[in-house]
Amino acid sequence: METEKQVVCSGRTAFTLMLGIFFWFIGVGVTLLILISEATYEVIGVFILFLILCGVEGSYFLLYWYNKRIIVTWNEIMYRSIWGLERKYSWKDVKSVCYKSTGRGADRILIRTNKKIYIETGMMKRSEEAERLIKEKGYLQVNLITDRKKG
């Protein structure tokens with residue numbers, strides 16, 4: 001009996017882990033500098049805002065690294081969000097699959113069900129294999145339009 005092909009895309013890459021740690025260290029480092037220095041209340045307020053922004057950004061990347069997972073099989077898609085919530089979707093639930101560009105050179109694959117599922121090709125392990133399986137299912141087909149002149 002042959003087992004079903006399963007591709008596990010996860011956010012566990014060195015890039016996302018380094019970004020999360022980097023932003024956390026920036027936030028903590030700036031906080032320590034403010035506590036050591038004799039800063040005014042205005043400066044402290046700005047740096048607290050900076051700390052919050054760095055903490056939120058760092059938390060996002062660390063949660064992405066720890067939790068984000070998309071499992072693509074021939075029969076279904078299992079999605080786990082950065083919050084750890086898991087959902088299963090049948091391919092019958094899929095309305096469309098297309099490429100999306102973020103405008104910064106990063107490409108994503110958008111799987112539309114009742115929810116938008118993004119596979120970030122640069123930030124997820126095994127995204128190329130998931131893309132290949134999606135193409136085998138008949139999605140992500142590129143139609144080249146040619147200009148035919150009638151003579």
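This chain uses plain numbering: 1 for the first residue, then up along the sequence.
Between Ser127 and Cys9, the closest heavy-atom pair is CA-SG, 3.8 Å. Nearest heavy atoms, Gly11 versus Thr16: O-OG1, 2.7 Å. The two residues Thr121 and Glu128 make their nearest non-hydrogen contact at O-OE2, 4.5 Å. Contact detail for Ser81 and Asn67: the closest heavy-atom pair is O-CB, 3.4 Å.
By the criterion of side-chain heavy atoms lying less than 4.5 angstrom apart, applied directly or through intervening Ile, Leu, Val, Met, Phe, Trp or Tyr residues, Ile119 is grouped together with Trp83 in one hydrophobic cluster. Under the 4.5 Å side-chain heavy-atom criterion for grouping Ile, Leu, Val, Met, Phe, Trp and Tyr, Ile117 is not connected to Val8 through any hydrophobic cluster. Leu19 and Leu53 are members of different hydrophobic clusters when ILVMFWY side chains are connected at heavy-atom separations under 4.5 Å. Side-chain heavy atoms closer than 4.5 Å link hydrophobic residues (I, L, V, M, F, W, Y) into clusters, and following such links, possibly through other members, connects Val94 to Tyr89.
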Is there a side chain to side chain contact (heavy atoms under 4.5 Å, CB included) between Ile70 and Met124 once you walk through the steps? CA-CA 9 Å; Ile70 300 169; Met124 298 190 80; 4.2 Å; yes
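Taking Arg126 as the reference, Glu129 meet the salt bridge (Lys or Arg N to Asp or Glu O under 4.0 Å) condition, with sequence neighbours excluded.
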With a 3.5 Å cut-off and sequence neighbours excluded, list the donor-acceptor pairs that the side chains of residues 133-140 form with protein atoms.
from: Lys137; atom 1: NZ; to: Trp74; atom 2: O; distance (Å): 2.9

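Taking the centre and axis of the six-membered ring of Tyr79, the NZ or CZ atom of Arg87 falls outside the cone set by 45° and 6.0 Å.
Taking 4.0 Å as the cut-off between side-chain N and carboxylate O, Arg69 and Glu86 do not count as a salt-bridged pair.
Between Gln6 and the choices Thr73, Val72, Asn75, the side chain to side chain contact (heavy atoms under 4.5 Å, CB included) rule is met once, by Thr73.
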